[in-house]
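Since the structure comes first, as structure tokens, the remarks are kept for the end.
Just follow the structure's listing: the first ligand is 1, and inside any ligand the first atom is 1.
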Amino acid sequence: MQLDFAGKHKVFIQTIQFSSAVNDCKTKILRLDAIHPTISGNKFFKLKLHIAKALAEGYSTIATFGGAYSNHVVASACACKEFGLQSVGIIRGEEPANKSDSLIKAVSFGMQLKYVSREDFKHKEAIENRYKDENYYWINEGGYSCLGAEGAKDICSWIDESYTDIVCAMGTGTMMAGLVIGALPHQRVTGISVLKGATNLQKDMEALLKLTDLQKDYEVIDGYHFGGYAKHPKELIDWMNLFYQQNELPTDIVYTAKLCYAVNDLMQKGYFKPNSKIMLIHSGGLQGNLSLPVGTLVFNT
Ligand SMILES: *Cc1c(COP(=O)(O)O)cnc(C)c1O
């Protein structure tokens, strides 16, 4: 079964300019954030084959895991509602007195939340076992999976052969794996890690690839996390505002701002060959900016 999604036609390609641009490199960004306000960016691609499979196999409920601020949890809740499934979210940590925006939204899409302690959360199989009579279709934390990568491969349908480079942000690496699978032989895929000290990220990403994909041109780059996952020092916020003024491109504090900052820096350091044509992936996440005080960013998200 092929799941289609009405928002797909809204995706567009925007030309952007970096202040450090040299050597006639051309840079564009694929605005996947435009696909849907909640099943934002890459999440639709990572979820669609799971949802199709769950429906085809007669499941009524999808269950998945995440933290209180997880884009994946909200996107899963919304996608399940959209395609007629029920959803369960296993949330790390005790139930908070004040729910995050993400969790409030997830509940509004009908997701049933179950809180587990940080310690128990580490043992996913034990949790799945606890609910084995419920017959849930399980999706890994962050949507990390071969099927997620297979769905993310379709992002490449917007990237024609004129591009030499594809660059994306990495959380679990599932989207990057999909881009490597879908990339043409002459295209290099670069993943910018937004995690601090994620030494296994490249291996985790590679575990989603087949032997033939492992021979492709790709690289995982570390060092652009700005202090760690979701950390957003003033230096990053200032850069996001400047970049918005230059390009009218809104970015999110967790993933895409760090992606764009990294590309600017890598360009300056000569990472891209002369005359490269680079496609960045705007993987969404803009709703995460809502956690900032009003006025921090010069653009609305
Ligand atoms: C979830 C997310 C990512 C990370 O994708 P992975 O496939 O886990 O690497 C990147 N960007 C945004 C905006 C996201 O919400």
Side-chain angles (χ1 to χ4, degrees), residues 11 29-50 64-79 100-102 105-106 139-156 166-182 189-196 198 200-209 218-222 224-226 229-230 232 236 240 249-263 279-291 301:
V11 170
I29 190 160
L30 181 63
R31 295 290 304 272
L32 294 182
D33 57 302
I35 201 168
H36 192 279
T38 307
I39 316 173
S40 173
N42 65 7
K43 298 297 183 281
F44 167 69
F45 295 91
K46 298 202 307 180
L47 286 168
K48 63 177 189 169
L49 297 182
H50 284 292
T64 192
F65 302 90
Y69 296 92
S70 165
N71 290 340
H72 162 74
V73 166
V74 195
S76 299
C78 187
S100 66
D101 286 339
S102 304
K105 258 204 197 147
I139 300 179
N140 269 340
E141 183 177 8
Y144 175 78
S145 55
C146 287
L147 217 50
E150 199 56 34
K153 178 186 79 178
D154 289 353
I155 296 170
C156 292
I166 302 168
V167 196
C168 70
M170 291 177 88
T172 64
T174 306
M175 165 172 56
M176 179 175 178
L179 294 170
V180 172
I181 294 168
V189 181
T190 302
I192 307 297
S193 169
V194 301
L195 308 164
K196 186 161 124 184
N200 282 325
L201 187 54
Q202 178 156 345
K203 284 206 173 65
D204 291 346
M205 190 279 290
E206 287 170 340
L208 305 177
L209 299 177
Y218 61 84
E219 191 166 348
V220 172
I221 294 189
D222 227 338
Y224 291 103
H225 53 70
F226 281 82
Y229 183 75
H232 48 278
L236 182 68
M240 289 167 77
L249 180 74
T251 52
D252 81 289
I253 50 174
V254 183
Y255 294 102
T256 53
K258 293 173 185 181
L259 163 71
C260 292
Y261 182 96
V263 169
M279 181 70 95
L280 283 75
I281 310 297
H282 196 310
S283 40
L286 292 172
Q287 75 283 355
N289 291 345
L290 293 171
S291 64
T301 54

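Residues meeting the ring pair (Phe, Tyr, Trp, His ring centres under 6.0 Å) test with Phe226, sequence neighbours left out: Tyr261.
The salt bridge (charged side-chain N to carboxylate O under 4.0 Å, His left out) contacts involving residues 281-291 comprise nothing, where partners must be two or more places apart or lie in separate chains.
Not close to ligand 1: Thr256, with no non-hydrogen atom less than 4.0 angstrom away. Under the 4.0 angstrom criterion for non-hydrogen atoms, Met170 is in contact with ligand 1. Not a single heavy atom of Gly41 sits under 4.0 Å from any atom of ligand 1. Within the 4.0 Å heavy-atom cutoff, Met176 does not count among the residues contacting ligand 1. In this structure, His282 falls outside the shell of residues with a heavy atom less than 4.0 angstrom from ligand 1.
Residue contact check: Lys46 has heavy atoms under 4.0 Å from atoms 5 (O), 6 (P), 7 (O), 8 (O) of ligand 1. Residue contact check: Gly285 has heavy atoms under 4.0 Å from atoms 13 (C) of ligand 1.
When Thr256, Leu179, Val189 are each tested for a side-chain contact (heavy atoms from CB on, under 4.5 Å) with Ile281, only one passes: Leu179.
Residue-to-ligand polar distances keep Ala169 apart from ligand 1: every N/O pair is separated by 3.5 Å or more.
Residues His36 and Phe44 form no side-chain contact, since every pair of their non-hydrogen atoms from C-beta on lies 4.5 Å or further apart.
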